[in-house]
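Inspection log for the structure reproduced underneath, given as structure tokens.
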Amino acid sequence: MADKVICVTSGKGGVGKSTITGNLATALAAKGYKVVAIDADIGLRNLDLILGLENRIVYDIVHVAEGVCPVEKALVKDKRTKNLYLLPAAQTKDKSAIKPEDLVSIVEKLRDKFDFIFIDSPAGIEEGFKTAVTPADTILVVANPEMASIRDADRVTGLCEAMGKPEPKLIVNRLDPRKVAKGDMLDAEDVVQILGLELLGIVPEDKNMVSYINRGEPAVLFEESIAGKALRNVGERLLGKEVPFLNLEYNEGFFEKLKKLFGGE
Amino acid sequence: MGLWPFGKKSSKEIAKKRLQLVLKYDRAGLPPNAIEEVKNAILNALKEFPFIDAAGVSINVSHDDSEKIEIEVPVKS
């Protein structure tokens, strides 16, 4: 498989990179693929929390890069999903602790042992971002349907192009169909038009997401989670399957229709 | 799409327009007022030619293979 190493990036922080990385890795592992998720956000470790593995970390990626331990020893086995492993970021070092060539060599060591290698990129466009993107075969850009996030996604896209990487694919995260219906939020279609990228997924706002993260349980493991369902679909698309996008159209209630009729917002 | 109640544009449409414009400049690596300045300089230079329709001069940034500033200078008919 060519698209084995997948980097999730965004430019802007707080758009859901780690949540998406953790969930996609879990979704593919739950399907039986052997998956490792690498947290490349050195100094701001978070992927461990998404997966509920924060208490099991002994070694981290900086230990591996410094030769303190072999990469196998630093991998944390997931407690829920078979075949899923986490390579945690260091929490005390800074982003320059890992150079692009360090990550490339770590990924090369893991390549033959895994079906998929996810890299959770730090926010920003500095060295840490470049390190995270360098070993990737596929880049996923996460954008929320709002101004700053879209602009930053475009910037990141340009930088990937300048690095000679394939064009990133787009995941629109936290789309609120109700706001879209009211004309107060860009639709996924608008974001695609503005950025000109291939759309890989639309993840709707899910009020239960915080509680999944609170519990350290990825949403993709829950049938009832709408965001989880959207993310499972992204996983399927990464496998090359054609899955239709979820119908996220907001159905107005009676009172909302009435309000609109009388010129309310 | 189109008009929102009371003829006000939806914030979604405004966002889209603003983003499309700002990304044009971002991608071209141009400061946002660059185009205005180029346009003014060209209009100044064209002043002395009476056969040019100064009001019709249009200027645009395009992003195909490379960044281009395209200027259309109509001749008075």
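A, B, ... follow the sequence lines: proteins, then strands. Residue 1 opens every chain.
For the pair B:N40 (side chain) and B:E37 (backbone), a donor-acceptor distance under 3.5 Å is absent.
For residues 139-154 of chain A, a heavy-atom distance under 4.5 Å to chain B picks out A:M147, A:I150, A:R151, A:D154, given by residue number.
Every residue was checked against the side chain to side chain contact (heavy atoms under 4.5 Å, CB included) condition with A:P166, not counting sequence neighbours, and none meets it. A search for ring-ring contact (aromatic ring centres under 6.0 Å, His included) contacts involving A:F222 returns A:Y212, not counting sequence neighbours. Scored by the side chain to side chain contact (heavy atoms under 4.5 Å, CB included) test, A:E101 finds A:K99 as partners (sequence neighbours excluded).
No side-chain heavy atom of A:I61 sits less than 4.5 Å from a side-chain heavy atom of A:D39.
Looking at A:N23, A:D206, A:N208 one by one, the single match for side chain to side chain donor-acceptor pair (under 3.5 Å) with A:S225 turns out to be A:D206.
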